[in-house]
Amino acid sequence: MITMKRAIKNQFQLNKNKCLAVLLLELGGFLAGMLILAILMRFALDEGEGTIPLATILAAFTGMVLLFANFTNDFTFQFQTQLSLGCTRREFFVSALLNDLILSAFGVVVLLPLAAAEDALNVCLYPAEEPVLVIFPLFLRYGIAAALGLPAAAALFGALVNRFGQAMRVVFLLFWMAFWIGWPRVSEAVLHPEEALPVYRSIAQAVMAVPSGVWPAAGVLALILALGAAWGFLRTQQVN
């Protein structure tokens, strides 16, 4: 058996380079987004259509995909490997979760100055255009909930894959596609509710009606519920 302290140290050793990977990927996504926006403003968008924070959105998307994939790997492959090497379920669960929470928080912290920089850059680079969306306040409002909810969702997903097999990946893919198809429409409903379909307008109104102070609590609640379910699956999961 290894101690909890040793299990936590092992997790940090396994993941010591992931902070750099998150930083580089989000910076790369940000620069790519700024370039794409410049091309769109020059060749595709008409004058007066405004600017969107494409760089920050792309940086957040790439960072989220990387982190979720890594967190899921922790609770599938790493779970099987570390338990076979003598780590207990409790030691693995606590050490993996602590490491994932730190990485998730780091990803959000990196995005904050990028969001502020893009809001300022779009005003400077395109002074004749009004921002369609100011992104920095949104990260302040939802950042804590995202940093808490992402590791919890990945832990639950990994536990479900361990228990029910690869079919859960198909189920998740369907949810993932539904989210990325629906999210832009909900965002558009926030900006132009009169043009949106009733279902998207209703979702947008419900989200915007939630006070900003409630979102951190919602993240904590999601964390507790998801992790409770994940632990319930992992504590009885057999190791192959």
Side-chain angles (χ1 to χ4, degrees), residues 8 11-12 14-34 36-37 52-75 93-122 131-158 172 175-176 179-180 182-184 186-187 190 207-208 210-227 230:
I8 294 173
Q11 283 290 340
F12 279 104
L14 288 170
N15 296 286
K16 61 183 179 181
N17 294 323
K18 288 184 180 178
C19 280
L20 178 60
V22 171
L23 174 63
L24 293 178
L25 189 63
E26 291 186 348
L27 285 175
F30 182 84
L31 293 175
M34 291 297 295
I36 293 171
L37 180 62
I52 57 174
L54 184 61
T56 307
I57 291 172
L58 188 57
F61 176 77
T62 54
M64 184 178 69
V65 170
L66 172 68
L67 288 172
F68 190 85
N70 276 278
F71 296 165
T72 301
N73 180 68
D74 286 344
F75 287 92
F93 191 76
V94 172
S95 61
L97 176 62
L98 178 61
N99 182 79
D100 291 351
L101 283 170
I102 291 172
L103 280 172
S104 183
F106 177 77
V108 172
V109 168
V110 171
L111 288 172
L112 286 173
L114 294 180
E118 183 173 24
D119 286 339
L121 283 171
N122 283 346
V132 174
L133 178 66
V134 180
I135 197 71
F136 181 72
L138 293 179
F139 276 100
L140 288 179
R141 184 176 185 180
Y142 304 117
I144 294 177
L148 293 172
L150 186 63
L156 178 58
F157 176 60
F172 173 76
F175 278 107
W176 177 263
F179 173 79
W180 286 107
W183 176 74
V186 173
S187 300
V190 172
V207 171
M208 297 305 294
V210 178
S212 59
V214 171
W215 286 106
V220 172
L221 180 60
L223 179 75
I224 293 172
L225 293 176
L227 291 179

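As the structure is a computational prediction, the values presented were derived from the model and not from experiment.
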If you round to the nearest 0.5 Å, how far is CG of Leu20 from CZ of Phe106?
8.0 Å
Can you see which heavy atom on Ala147 is nearest to which on Ser104, and at what distance?
O-OG, 2.9 Å
If I compare all heavy atoms of Thr62 with all of Glu26, which pair ends up nearest, and what's the gap?
OG1-CA, 4.4 Å
If you take all heavy atoms of Asp119 and Pro137, which pair is closest and at what distance?
OD2-CD, 4.3 Å
Answer with yes or no after comparing the ring centroid distance for Phe172 and Phe68 against a 6.0 Å cut-off, counting only values under it.
yes
CG on Leu25 to CE on Met64, rounded to 0.5 Å:
12.0 Å
Can a donor-acceptor pair be found, under 3.5 Å and without considering hydrogens, that links the side chain of Asp100 to the backbone of Pro151?
no
If you define the side chain from C-beta out and look only at heavy atoms, does anything of Thr56 sit under 4.5 Å from Phe136?
no
Applying the side chain to side chain contact (heavy atoms under 4.5 Å, CB included) criterion to Pro53, which one of Ile135, Leu58, Leu37, Val134 satisfies it?
Ile135
Pairwise side-chain contact, Leu97 with Leu101, heavy-atom cut-off 4.5 Å (strictly under):
yes
So Val108 and Leu150, do their side chains get closer than 4.5 Å, heavy atoms only?
no
Answer yes or no: is there a side-chain heavy-atom contact under 4.5 Å between Leu111 and Phe30?
no
Let me confirm one number: the CD1-CD1 distance from Ile52 to Ile36, rounded to the nearest 0.5 Å.
10.0 Å
Working to the nearest 0.5 Å, report the span between CE of Met34 and CG of Leu121.
4.5 Å
Using the rule given for side-chain contact (heavy atoms from CB on, under 4.5 Å), can you reason through Leu114 versus Phe139, listing the C-alpha separation, both sets of side-chain angles and the distance that settles it, and then say yes or no?
CA-CA 10 Å; Leu114 294 180; Phe139 276 100; over 6 Å; no
Does the side chain of Phe93 come within less than 4.5 Å of Leu227's, by heavy atoms?
yes
